[in-house]
Amino acid sequence: QVLLVESGGGSVQAGGDLRLSCAASGLTFSNYASAWFRQAPGKEREFIAAIGWSGTLIQYADSVKGRFTISRDNVKSTSYLQMSSLKPEDTALYFCAVGFIVTIKPEYNYWGQGTQVSVSS
């Protein structure tokens with residue numbers, strides 16, 4: 001059974017930092033691309049960042065480019081999303097996902113349950 005567990009969410013003030021983690025089990029993590037999406041209340045799920053299986057292919061949404069950094073540790077079967085200079089509009093439920101290709105579309109094979117990030121002004 002594939003399981004993705006996000007952690008690291010919380011409440012911060014604008015300008016603060018958070019690092020999200022996504023621990024994967026039940027699959028060979030190094031064979032998969034990994035991505036982060038977010039969803040705010042009343043809005044569609046939004047692509048944030050994705051990283052290929054080797055870590056060399058990386059994509060970011062324009063809204064987070066320069067502020068967020070995606071990375072992965074295949075030995076630990078974990079991906080990370082370092083978020084800096086957070087803004088109130090970054091408030092959302094953040095999901096990690098894994099799939100066979102890097103894409104900005106929410107077409108990944110497996111998804112976590114999400115971790116809440118709240119940014120106050």
Which pairs would a plain distance check flag for residues 85-93, meaning a side-chain donor or acceptor within less than 3.5 Å of a matching protein atom at least two apart in sequence or in another chain?
| from | atom 1 | to | atom 2 | distance (Å) |
| --- | --- | --- | --- | --- |
| D90 | OD1 | R38 | NH1 | 2.8 |
| D90 | OD1 | R67 | NH2 | 3.0 |
| D90 | OD2 | R67 | NH1 | 2.8 |
| D90 | OD2 | R67 | NH2 | 3.4 |
| D90 | OD2 | K87 | N | 2.8 |
| T91 | OG1 | P88 | O | 2.9 |
| T91 | OG1 | V119 | N | 2.8 |
| T91 | OG1 | V119 | O | 3.4 |

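To the nearest 0.5 angstrom, Y108 atom OH is 11.5 Å from C96 atom SG. Rounding to the nearest 0.5 angstrom, the gap separating the CD atom in Q59 from the NZ atom in K65 is 8.5 Å. Atoms OG and CZ, from S30 and R72 in turn, are 7.5 Å apart once rounded to the nearest 0.5 Å. Here the OG1-CE distance, from T69 to M83, works out to 11.0 Å after rounding to the nearest 0.5 Å. How far CZ of F68 is from OH of Y94: 4.5 Å, rounded to the nearest 0.5 Å. Rounding to the nearest 0.5 Å gives a distance of 5.0 Å between CH2 of W36 and OG of S79.
No continuous path of ILVMFWY side-chain contacts below 4.5 Å connects V98 to L57, so the two sit in separate hydrophobic clusters. L4 and F29 fall within a single hydrophobic cluster, where Ile, Leu, Val, Met, Phe, Trp and Tyr are joined by side-chain heavy atoms under 4.5 Å apart, directly or via other members. Put simply, L18 and I48 are part of the same group of oily side chains (I, L, V, M, F, W, Y) that touch within less than 4.5 Å, one to the next. Cluster membership for I51 and L81, using ILVMFWY side-chain heavy atoms within less than 4.5 angstrom, is shared. The cluster map of Ile, Leu, Val, Met, Phe, Trp and Tyr, joined by side-chain heavy atoms under 4.5 Å apart, puts L3 and L27 in different clusters.
Smallest separation of non-hydrogen atoms from S84 and D17: CA-OD1, 3.1 Å. Across all their heavy atoms, Q113 and F95 have their closest contact at O-CE2, 3.5 Å. Taking both residues in full, the closest heavy atoms of I70 and Y60 are given as N-OH, 2.9 Å, listed atom of the first, atom of the second, then distance. Shortest non-hydrogen contact noted between T78 and S21 is CG2-CB, 4.3 Å.
Under the 3.5 Å distance criterion, the side-chain polar atoms of N74 are matched with a main-chain donor or acceptor of W53. Between the side chain of E6 and the main chain of G114, a donor-acceptor pair closer than 3.5 Å is present.
Ring planes of Y110 and Y32: perpendicular class, angle over 60° (limits at 30 and 60°).
Checked against the 6.0 Å centroid threshold, F37 and W111 count as a close aromatic pair.
Residues passing the side-chain contact (heavy atoms from CB on, under 4.5 Å) test with E107 are K105, sequence neighbours excluded. For the side chain to side chain donor-acceptor pair (under 3.5 Å) test, no residue two or more places apart in sequence or in another chain qualifies with S121.
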